[in-house]
Student: 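Before we start, here is the structure in question, set down as structure tokens.
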Amino acid sequence: LRPAPGDSCVPEDFYATTNRRTQVFTGGQWREVADMRMDGVIVDTPRGLACRLIRDVRSGERVVCTNRSVRIFPLFREKDGEEFGFMASDVSSERSVQASIAAVASEMRRQRRDGGRTIVVAGPVVVHTGGGPALARLVRDGWVAGLLAGNALAVHDVECALYGTSLGVALATGHPVHEGHRNHIRAINEVFRHGSLRAAVESGAVGSGIMRECILAGVPFVLAGSLRDDGPLPETEMDMIAAQRRYGELLRGATMVLMLSTMLHSIATGNMIPAAARAICVDINPAVVTKLSDRGSGQTIGIVTDVGLFLEMLADEVERR
């Protein structure tokens, strides 16, 4: 344990964390490290050892250096009796999606029964593919403890609620509508006219959708902005450090994370959660799931399918039982 030489600065031989359960041998005993995530450091705080980002370390705080007194634990052990069967299999499109959905639904029911927290990370493809109503139903019925997304998910969700389109394409027919390219800007304009997403929902202007169900059910959400955003909506956090921090806060204590067709937000989220948290990544592109694993989120289960169909089947399956 060596003192940090300054704010946001640690000794050169600091120990860089993984997302696995970790203990440090100090003071004659093995001590557990709280808030594990990858690419952090371990700090000895008054409340015990904790994982922190380098930028959050303050001058003088004692930092674990070298790996000589650190041990990490395997992802899962046979003796734990884990029964999430398709966990050990590789990413493949040649697998029964229905069986995978049944396993995810069963795990979601177990999580809720045991007091777990399921967080959803979603991209705008959820809305484009017609999965918005199914995700909204999962939120309304209490299966989702928090939503992480970018500005685009909320924009196209509101567009769908107001005009029945996503990116100007009518979801009922799959055909572009006249001047539909304006619709997502019209949706942003309508939200600004009310002052916020919450105000637009509470006024009745936005009568359906994922964001509406989150607001009405009190399900917390974070919209992280980016350089390419239109608007952005008033609730979108454009300070990236603040957005990272809010993502981390909402993910604290998450026991299951559903990552739905958003590569960048999924990878970011994977960096923030411990390996013990279930991570299910749904994408039509197998490479997205592979990228997550390559970046250290080895616990990720990949389901290669259309996310809209996945959500419809999942919403039906969790409620059917």
Student: If you look at every heavy atom in Ala199 and His194, which pair is closest and at what distance?
Tutor: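 Taking Ala199 first and His194 second, the nearest heavy atoms are CB-O, 3.4 Å.
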Student: Does any non-hydrogen side-chain atom of Leu223 lie less than 4.5 Å from one of Leu148?
Tutor: no
Student: Hey, does Asp141 have a side-chain heavy atom less than 4.5 Å from the side chain of Glu319?
Tutor: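 They are in contact (side-chain heavy atoms under 4.5 Å apart), so the answer is yes.
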Student: Return the minimal non-hydrogen interatomic distance between Glu312 and Gly130, and the atom names on each side.
Tutor: OE2-O, 3.9 Å
Student: I'd like to know if Glu237 pairs up with Arg246 as an ion pair, taking the criterion as any Lys NZ or Arg NE/NH1/NH2 lying under 4.0 Å from an Asp or Glu carboxylate oxygen.
Tutor: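 A salt bridge is present here (some side-chain N lies under 4.0 Å from a carboxylate O).
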Student: Side-chain contact test, heavy atoms from C-beta onward, threshold under 4.5 Å: evaluate it for Arg278 versus Glu107 and give yes or no.
Tutor: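 Yes, close enough: below the 4.5 Å cut-off.
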Student: Any carboxylate oxygen within less than 4.0 angstrom of a Lys/Arg side-chain nitrogen, looking at Asp56 and Arg245?
Tutor: yes
Student: Would you say Val43 and Tyr15 are hydrophobically clustered, going by side-chain heavy atoms of ILVMFWY under 4.5 Å?
Tutor: no
Student: Does a side-chain N-to-carboxylate-O contact under 4.0 Å join Asp316 and Arg137?
Tutor: yes
Student: Considering non-hydrogen atoms only, spot the tightest contact between Arg212 and Asp157 and give its length.
Tutor: N-OD2, 4.5 Å
Student: Flag this pair as yes if the NZ/CZ of Arg186 is under 6.0 angstrom from the six-membered ring centre of Tyr163 and inside a 45 degree cone about the axis; otherwise no.
Tutor: yes
Student: With the 4.5 Å side-chain cut-off for hydrophobic clustering, are Leu147 and Trp143 part of the same group?
Tutor: yes
Student: Is Arg21 close enough and on-axis enough to Phe73, meaning under 6.0 Å and within 45°, for cation-pi?
Tutor: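 Satisfied, under 6.0 Å and within 45°.
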Student: Salt bridge or not between Glu249 and Arg252? Use side-chain N to carboxylate O under 4.0 Å.
Tutor: no
Student: Taking atom CD1 of Ile280 and atom CE of Met256, what is their separation to the nearest 0.5 Å?
Tutor: 3.5 Å
Student: Got a salt bridge between Glu61 and Arg58, using NZ or NE/NH1/NH2 to carboxylate O under 4.0 Å?
Tutor: no
Student: Does the side chain of His175 reach to within under 4.5 Å of the side chain of Val169, using non-hydrogen atoms?
Tutor: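 In short, these two side chains do not touch, never coming nearer than 4.5 Å.
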Student: Is the closest side-chain donor-acceptor distance between Thr165 and Asn183 under 3.5 Å?
Tutor: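 Thr165 vs Asn183: donor-acceptor pair found between side chains.
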Student: Minimum heavy-atom separation for Leu250 and Ile119, please, with both atom names.
Tutor: O-CD1, 3.9 Å
Student: Please confirm whether the backbone N or O of Asn285 pairs with a side-chain atom of Asp283, one donor and one acceptor, at under 3.5 Å?
Tutor: yes
Student: Does the side chain of Met263 come within less than 4.5 Å of Lys291's, by heavy atoms?
Tutor: yes
Student: Would you say Asp239's side chain and Ala242's backbone share a donor-acceptor pair under 3.5 angstrom?
Tutor: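 At least one qualifying donor-acceptor pair exists.
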Student: Run the numbers on Glu235 and Arg198 for salt bridge (Lys or Arg N to Asp or Glu O under 4.0 Å), then give the verdict.
Tutor: CA-CA 9 Å; Glu235 276 90 344; Arg198 177 173 294 279; 5.8 Å; no
Student: Under 4.0 Å between a Lys/Arg side-chain N and an Asp/Glu carboxylate O for Asp44 and Arg31?
Tutor: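 Yes, charged N to carboxylate O under 4.0 Å.
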Student: Can you see which heavy atom on Ile303 is nearest to which on Ser100, and at what distance?
Tutor: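 Between these two residues, the closest heavy atoms are CD1-CB, 3.9 Å.
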Student: Report yes if the side chains of Val33 and Gln23 come closer than 4.5 Å at any heavy-atom pair, otherwise no.
Tutor: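 Of all side-chain heavy-atom pairs linking Gln23 with Val33, none is under 4.5 Å.
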Student: Which heavy-atom pair separates Val127 from Cys160 by the least distance, and what is that distance?
Tutor: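 Shortest heavy-atom separation between Val127 and Cys160 comes out as CG1-CB, 4.1 Å.
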